[in-house]
Structure formats: structure tokens, C-alpha cells
Amino acid sequence: MQTRILPIDENSLKLSEKIILNGGTVAFPTETVYGLGANAFDGLAVKNVFKIKGRPNDNPLIVHVHKDYDILNLVSYVPEYAKSLAKAFLPGPLTMVYKSKGVVSSAVSCGLDTIAVRIPSHDGAQKFLKYLNLPIAAPSANISKHVSPVTAEHVYSDLDGKVEVILDGGKCSGGIESTVLDCTGEIPVVLRSGLITRDMIAKVVGDCGEYVLKEGEKARSPGMKYKHYSPNCKTMLFSYAECEKAVERYYKYNAEGMNTYILCDGQTANSINVDKVLNLGNSDYEIASNLYYMLREGERKAQMIIAVAPQKQDGVMAGVMNRLIKACKD
Ligand code: AMP
Ligand code: MG
């Protein structure tokens, strides 16, 4: 199969529609990362998404719809707090998990009785979803466990020959995956942290829980238990307090002939004396936006990435830390 990167226009949308209606897959941009989309009603197409990615078959997919789509087609109940949150944050990087109506393929939610729904704000994603007017099941458009893609070229490097079309919407501005929020209980519960933080949610609806996977417990959001987001090179992670140690290692490894880079935020980059830096920038949103991009730059340039965690770890940085820890896991 030949993989083509195309600008988002009438021609590529028409072609994408044809591919999706024939049971194929199309990669498309969102404001978080690129997604690998298939028709959520088509079980074979959805199963193919798992196959293409090498994704474990107990890790459910998020269904994407355009902003005027009536989610009551897909979900059986929307609590009042979820309506307020939708008003405050959608379209945007917030995925909401509801009780499912069971109309999409059971492969989407891996047999769970819930469904995760997302309305992305990215203009290209909206155009694609509106053109199809179908729920599109889409995980991130990378090989499972690899760093999520934030450019069309990243998708191409993972999925060349496996997807027909990659719709090119430039570099994703958000940079980390959506917040996943369980909306099936009395109060919303964050299952995966992201750009819409627990505090932002609590401000709108008064209360918001956070799910922490306990040892031996079955994961409520199955994706949480996997190693993820990892670059194809060696990695190490040091805390902010251990920055000096990280720099020592950097010099040691480079002296031994292992091409080593330090990945850190702008504040740390300015305070250390090293040449090979993958600088994530300064504000929380800048750091989130650059994280996967710089991990991909790192694996392209380096044999070893030594990451230094940012000092701040709450809010958006909680989402960044969650990814950084999983990226640097053995
Ligand atoms: P990805 O497609 O890689 O962004 O991962 C999707 C995330 O959403 C994973 O962490 C999944 O476990 C989670 N997810 C998808 N559907 C559900 C669901 N029905 N209930 C709970 N979590 C879900
Ligand atoms: Mg993913």
C-alpha cells in the first residue's frame, strides 16, 4: 500500500471518505496528537486499527465526532455535570466516557459497556469528521508504545505502507493526548491527565476525582497499565533535584562515545552547561506542546536521552510527567 501525505481540501476529504466507507483507515490531525481513524460502526475496520498499531486488544479506542454531532446517538445517558463540562471545554482536548448505547462495533470499547467520546477543536479534524458525519474510532497514529505523532511526518515514519492517507494539518499545538474523564458516576473522575486539568474541571462542576491504579487492580482505563510513548533509543529520567547527576552522566556517556542529549525545560537548559540539549521551552503549555516532538528529535539524533523532570509537577505538568515517566520506563 502506498501512503500519501495530503493537504486537507475537497479532494483529500473525498478520498478519505471513500477509504473510510470501504473499511480503510485515514490518519488525521487533532489539537493533541495525530489519530488513526476508522469507521466506528465497522468492526473489521476497527480491528484493523489494532492490528496496524500492534495495540493490545484490551485497550479501548476513543470515538471522535464533529461539534454538531448528537452524542445521544452513541451514549445512553449524559449527566448534568457532563453537560456543563461540554459547554466549558468542547470542542477541545477532553475525552468523556459515558454509558454506551452499544451501537458502534463492540471492538471499539473492547467489550466494555462504556464509550469514550471526543470532539476535537482542530480545524482539520472538524473538517474531516464533518465531511464523514460518522463516529470515527481513533487511537494515536503511531506504532503501539512508540512516541505519539505530532506531525504528518511522524505518522509517515511509523505507518508508511500501513495507512493510505495522512491528512496533513501541521504540528499539533497541544502536544499530549486528551484528558480522559469518566462521566459514568456521581462526580467526574480523571482517568488520564492532559491539558484540561482536574482543577479546571472542579472549578466548573465543584468536584472532580482522580483515578490511581492500585497494584493488582483491573484498570478502569486499560491504557494506563502499558509502557508508552517511548523513543527508539536509550532513556534515563532524573528528578529536578538530581539535575547535577544528570549532567555528570551526560559528560560521562559522551566521553565514552555514546551520543547523549539532555531533555529538559528552558529553566534547566539555561542553568546547565551542556551543548546537546532538547529544550522543551518555558510555559506549561509550551512544554506539553514540545514533549513528543523533542522525544522524536532525540531518537533521531541521539543514542541516549537523559531527561530532567521539570520542577513544577501539578496541573498540565502532571500530564507531562505521566508521559515522561512512561517514556523513560525500561
Ligand atoms: P489513545 O487512543 O492511545 O489516546 O488511548 C485512549 C485512552 O482512552 C486509553 O487510555 C484508553 O484506556 C482510554 N479509553 C478509551 N475508551 C475507554 C472507555 N470506554 N473507558 C475507559 N477508558 C477508555
Ligand atoms: Mg496512544
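Order of listing sets the numbers, starting from 1, for every ligand and every atom in it.
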> Hey, which protein N/O/S atoms does the Mg ion (ligand 2) have under 2.8 Å?
Replying inline: Ser140 OG
>> Applying a heavy-atom cut-off of 4.0 Å, say which part of Asn59 lies close to ligand 1: side chain, backbone, both or neither.
In response: side chain
> Using heavy atoms and a threshold below 4.0 Å, how should the contact between Leu191 and ligand 1 be classified: side chain, backbone, both, or neither?
Replying inline: side chain
> Would you find more than 12 non-hydrogen atoms of other residues, nucleotides or ligands less than 6.0 Å from Tyr293 atom OH?
Replying inline: no
> What are the two closest heavy atoms between Arg296 and Glu299, and how far apart are they?
Replying inline: O-CG, 3.2 Å
> For ligand 1, which part of Arg55 has a heavy atom less than 4.0 Å away: the side chain, the backbone, both, or neither?
Replying inline: side chain
>> Can you confirm whether or not the ring centre of Phe128 sits under 6.0 Å from the ring centre of His64?
In response: no
>> For a salt bridge (Lys or Arg N to Asp or Glu O under 4.0 Å) check, start with the C-alpha distance between Asp9 and Lys127, then their side-chain angles and the critical distance, and finish with the verdict.
In response: CA-CA 9 Å; Asp9 57 23; Lys127 280 190 179 133; over 6 Å; no
>> Taking 4.0 Å as the limit for heavy-atom contacts, which would you say applies to Val97 with ligand 1: side chain only, backbone only, both, or neither?
In response: side chain
>> On a heavy-atom basis, which atom in Ser178 and which in Thr32 lie closest, and how many Å separate them?
In response: N-CG2, 3.8 Å
> Which pair of heavy atoms, one from Pro231 and one from Ala327, lies closest together, and at what distance?
Replying inline: CD-O, 3.8 Å
> Which ligand 1 atoms are under 4.0 Å away from a heavy-atom of Ile62?
Replying inline: 6 (C), 8 (O)
>> I need the atoms of ligand 1 closer than 4.0 Å to a non-hydrogen atom of Pro139, numbered in the order shown.
In response: 2 (O)
>> Same cluster or not: Leu291 versus Ile305, using hydrophobic residues (I, L, V, M, F, W, Y) connected whenever any side-chain heavy atoms lie under 4.5 Å apart?
In response: yes
> Going by the order shown, which atoms of ligand 1 are within less than 4.0 Å of some heavy atom of Ser140?
Replying inline: 2 (O), 3 (O)
> Considering the options Ile166, Asp160, Val165, which one meets the side chain to side chain contact (heavy atoms under 4.5 Å, CB included) requirement together with Val163?
Replying inline: Ile166
> Is Tyr77 isolated, or which residues cluster with it under the ILVMFWY side-chain rule of less than 4.5 Å, directly or via members?
Replying inline: none
>> For ligand 1, which is the ligand I care about here, please tell me if Thr114 has any N or O atom under 3.5 Å from one of the ligand's N or O atoms.
In response: yes
> Going by the atom numbers of ligand 1, which of them fall below 4.0 Å from some non-hydrogen atom of Leu61?
Replying inline: 15 (C), 16 (N)
>> So for atom CG, which belongs to Asp70, do other residues, nucleotides or ligands contribute more than 12 heavy atoms lying within a distance under 6.0 Å?
In response: yes
